[in-house]
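Note sheet for the following structure.
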Amino acid sequence: MKKFRNTPSKRWRLIGLVLILLIFLGGLRAFTGKTGQDYRTEFPTLKKYEKKEQVVGFNIFSEEVYHASEDGVCVYNASEGERVPVGFEIATVNTMNDTSNLNDALLRVNSALSYKSKDHTRYTVDQALPSVKEIQEALKDNDLTEAISHIEKLDLYSNSTLQLSELKELNNLTVEELETRKTELEKEVNQHNIPYKAEFSGIVSFAIDGLEEYYTLSDREDYTYSYLQKHREEAAFKTHVNVTKGEPLFKLVDNIKYHIALQTKSLKNLDTPEIGDRLQLQKNDKLLEGTVVAINQSNAGQVVIVEFKEHFSDIYSTRINNFDVILASQDCYEIPKDAIIKRGTLFGVYVQEIHGLVKFVPIKVVVPFETTSYIDPGDKNARITIDDAEYKTVTLNDKIVLNPKQVAESKVLN
């Protein structure tokens with residue numbers, strides 16, 4: 001039996017055979033085209049496209065600022081952002097005045113009435129004195145004004161009984177005249193506790209900025225671009241317990257409806273809105289939707305006034321805010337920009353099929369970016385309209401070919 005000898009000539013023949021086989025396979029590969037594995041592909045990504053324009057907005061409310069009518073100590077019965085009904089006592093200022101002379105005069109009048117009236121018990125000390133239970137109930141209900149009033153009455157009628165000789169100057173007055181004087185004295189005594197009650201139902205706020213008088217619902221035609229520029233300096237205000245006459249205490253704001261004046265150099269920036277149009281504003285993650293109620297135009301710029309009825313609590317505490325006006329909002333697919341090609345009059349992409357084949361699918365570009373594009377996903381059946389003709393577009397399950405220039409025409413199904 002002969003042994004196989006690995007000679008140099010046989011080795012070269014073997015190497016040559018391998019080279020011929022590789023060249024044949026390469027040619028066959030070029031002839032049959034590339035397989036699906038050679039295409040780099042990517043699925044579309046669902047995105048939210050929003051066309052926005054940033055503007056400055058000025059809050060316009062129906063509001064009333066309450067000021068201290070006298071110096072004194074203020075007790076607040078409501079907190080920031082609390083809604084109160086009409087007549088609610090929001091604050092009370094105690095003037096801390098000495099009312100002892102008034103109390104003495106009131107005591108003399110009550111004594112004279114008790115002496116001259118047929119119903120003597122009506123003006124007796126026992127009838128005038130409040131009970132301890134009444135004081136306790138007032139404190140329990142957190143009604144400090146009522147409790148103070150009871151305590152003062154207790155102090156007023158606890159003085160010693162006056163002699164008739166001290167009432168000589170009052171003896172000539174009728175019961176009706178004494179009743180009138182009694183009412184006047186009681187009013188003066190009570191003036192050192194000044195209540196501040198809600199004139200309408202609304203939100204209590206201590207965020208007083210000094211611009212309240214410049215922005216009212218009744219003056220919306222005055223809000224020009226220049227007017228807003230002039231009245232934009234906000235003052236700082238802090239709540240005090242010790243207050244001085246004329247100092248702002250709080251403000252009451254109607255939260256049922258409010259306006260925002262939007263400042264813009266051109267109405268075109270806001271897609272030229274008209275009165276009656278709906279407009280969406282975004283502040284942080286809050287979306288406000290309102291109705292355009294006025295448009296004030298001038299050479300300096302334009303002001304669009306929008307009425308709102310919701311999300312008051314999200315914006316009321318700051319007069320001037322930055323907003324994004326949402327001019328357009330649409331669900332889109334994001335695809336690589338390089339994947340888009342043009343065939344005839346249509347733009348589209350290649351979608352990978354089986355066995356290395358692809359299909360051209362039309363698309364409608366919504367907005368192009370530097371490296372990607374947002375395209376229209378179509379209706380629920382993924383159909384889009386281009387030049388009055390309907391086409392089936394891509395879906396989230398389609399593999400989009402990223403290197404369309406490398407696709408041979410023979411591999412395109414349509």
Side-chain angles (χ1 to χ4, degrees), residues 58-97 138 141-150 152 183-184 186-223 231 234-261 290 293-294 305-320:
F58 296 73
N59 295 337
I60 305 171
F61 301 126
S62 176
E63 56 189 339
E64 182 70 29
V65 179
Y66 291 72
H67 296 81
S69 58
E70 297 291 341
D71 298 350
V73 176
C74 187
V75 177
Y76 296 95
N77 304 317
S79 57
E80 175 70 38
E82 182 179 344
R83 180 172 175 80
V84 297
V86 177
F88 182 86
E89 190 168 310
I90 301 171
T92 304
V93 173
N94 188 307
T95 62
M96 307 301 290
N97 292 334
D141 295 337
N142 201 26
D143 191 343
L144 298 181
T145 303
E146 186 70 13
I148 291 172
S149 176
H150 287 331
E152 287 172 346
T183 301
E184 291 173 349
E186 286 179 337
K187 184 177 180 180
E188 287 188 63
V189 169
N190 289 331
Q191 279 181 348
H192 75 287
N193 282 321
I194 307 172
Y196 295 84
K197 299 181 179 181
E199 298 174 12
F200 55 92
S201 61
I203 299 297
V204 175
S205 177
F206 303 101
I208 300 173
D209 54 26
L211 296 176
E212 289 79 11
E213 63 179 302
Y214 299 110
Y215 294 98
T216 64
L217 293 181
S218 59
D219 299 330
R220 65 189 188 190
E221 66 276 0
D222 295 337
Y223 305 135
H231 302 291
E234 298 181 78
F237 170 79
K238 291 184 179 180
T239 303
H240 301 290
V241 174
N242 296 309
V243 298
T244 57
K245 184 177 180 179
E247 179 181 346
L249 300 176
F250 61 89
K251 69 180 179 181
L252 190 62
V253 189
D254 184 357
N255 66 323
I256 300 302
K257 71 174 182 179
Y258 61 97
H259 293 165
I260 298 178
V293 295
I305 301 177
V306 188
E307 181 179 282
F308 297 89
K309 295 182 180 179
E310 296 179 335
H311 295 289
F312 172 86
S313 60
D314 295 320
I315 58 96
Y316 84 92
S317 60
T318 306
R319 176 77 57 180
I320 304 172

Which atom of [X] lies closest to which atom of [Y], heavy atoms considered:
{"X": "Glu199", "Y": "Val86", "result": "O-CG1, 4.1 Å"}
{"X": "Ala68", "Y": "Val243", "result": "CB-CG2, 4.1 Å"}
{"X": "Gly202", "Y": "Leu252", "result": "C-CD1, 3.8 Å"}
{"X": "Lys197", "Y": "Gly87", "result": "CD-O, 3.7 Å"}
{"X": "Ile208", "Y": "Pro248", "result": "CD1-CB, 3.7 Å"}
{"X": "Gly290", "Y": "Phe308", "result": "N-CE2, 3.3 Å"}

Exam field: side chain [X] to backbone [Y], donor-acceptor pair closer than 3.5 Å:
{"X": "Asn193", "Y": "Asn94", "answer": "no"}
{"X": "Asp71", "Y": "Lys245", "answer": "yes"}
{"X": "Glu80", "Y": "Phe206", "answer": "yes"}
{"X": "Asn59", "Y": "Ile320", "answer": "no"}

Worksheet item: Using 4.0 Å as the upper bound for N to carboxylate O, is an ion pair formed by Lys251 and Glu64?
Response: no
Fill in: Basic-acidic side-chain contact under 4.0 Å: Arg319, Glu234
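Glu234 and Arg319: not salt-bridged.
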Worksheet item: How long is the span from the NZ atom in Lys309 to the NZ atom in Lys257, to the nearest 0.5 Å?
Response: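 Rounded to the nearest 0.5 Å, the NZ-NZ separation comes out at 7.0 Å.
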Discussion item. Please report the interatomic distance CD(Glu310) to CZ(Phe312), rounded to the nearest 0.5 Å.
Written reply: 13.5 Å
Worksheet item: How about Tyr316 and Tyr258: are their ring centres within less than 6.0 Å of each other?
Response: no
Discussion item. For Phe250 together with Tyr66, are the ring centres under 6.0 Å from each other?
Written reply: yes
Fill in: Residue pair Thr216, Ser62: steps toward the side chain to side chain contact (heavy atoms under 4.5 Å, CB included) verdict
CA-CA 6 Å; Thr216 64; Ser62 176; over 6 Å; no
Is the shortest heavy-atom distance from the side chain of [X] to the side chain of [Y] under 4.5 Å?
{"X": "His67", "Y": "Glu247", "value": "no"}
{"X": "Ile315", "Y": "His311", "value": "no"}
{"X": "Tyr76", "Y": "Ile90", "value": "no"}
{"X": "Ile194", "Y": "Thr95", "value": "yes"}
{"X": "Val204", "Y": "Val253", "value": "no"}
{"X": "Phe237", "Y": "Asp209", "value": "no"}
{"X": "His259", "Y": "Leu217", "value": "yes"}

Discussion item. If you apply the rule side chain to side chain contact (heavy atoms under 4.5 Å, CB included), what do you find for Asp222 with Tyr214, and how did you get there?
Written reply: CA-CA 10 Å; Asp222 295 337; Tyr214 299 110; over 6 Å; no
Worksheet entry | Worked verdict on Arg83 versus Asn255 for side chain to side chain contact (heavy atoms under 4.5 Å, CB included) | CA-CA 9 Å; Arg83 180 172 175 80; Asn255 66 323; 2.5 Å; yes
Item to complete: Determine the interplanar angle of the His231 and Tyr215 rings, folded into 0 to 90°, and report it as parallel if under 30°, tilted if 30 to 60°, perpendicular if over 60°.
Response: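 Aromatic pair His231/Tyr215 classed perpendicular.
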Fill in: Check against side chain to side chain contact (heavy atoms under 4.5 Å, CB included), Thr92 and Tyr196
CA-CA 6 Å; Thr92 304; Tyr196 295 84; 5.9 Å; no
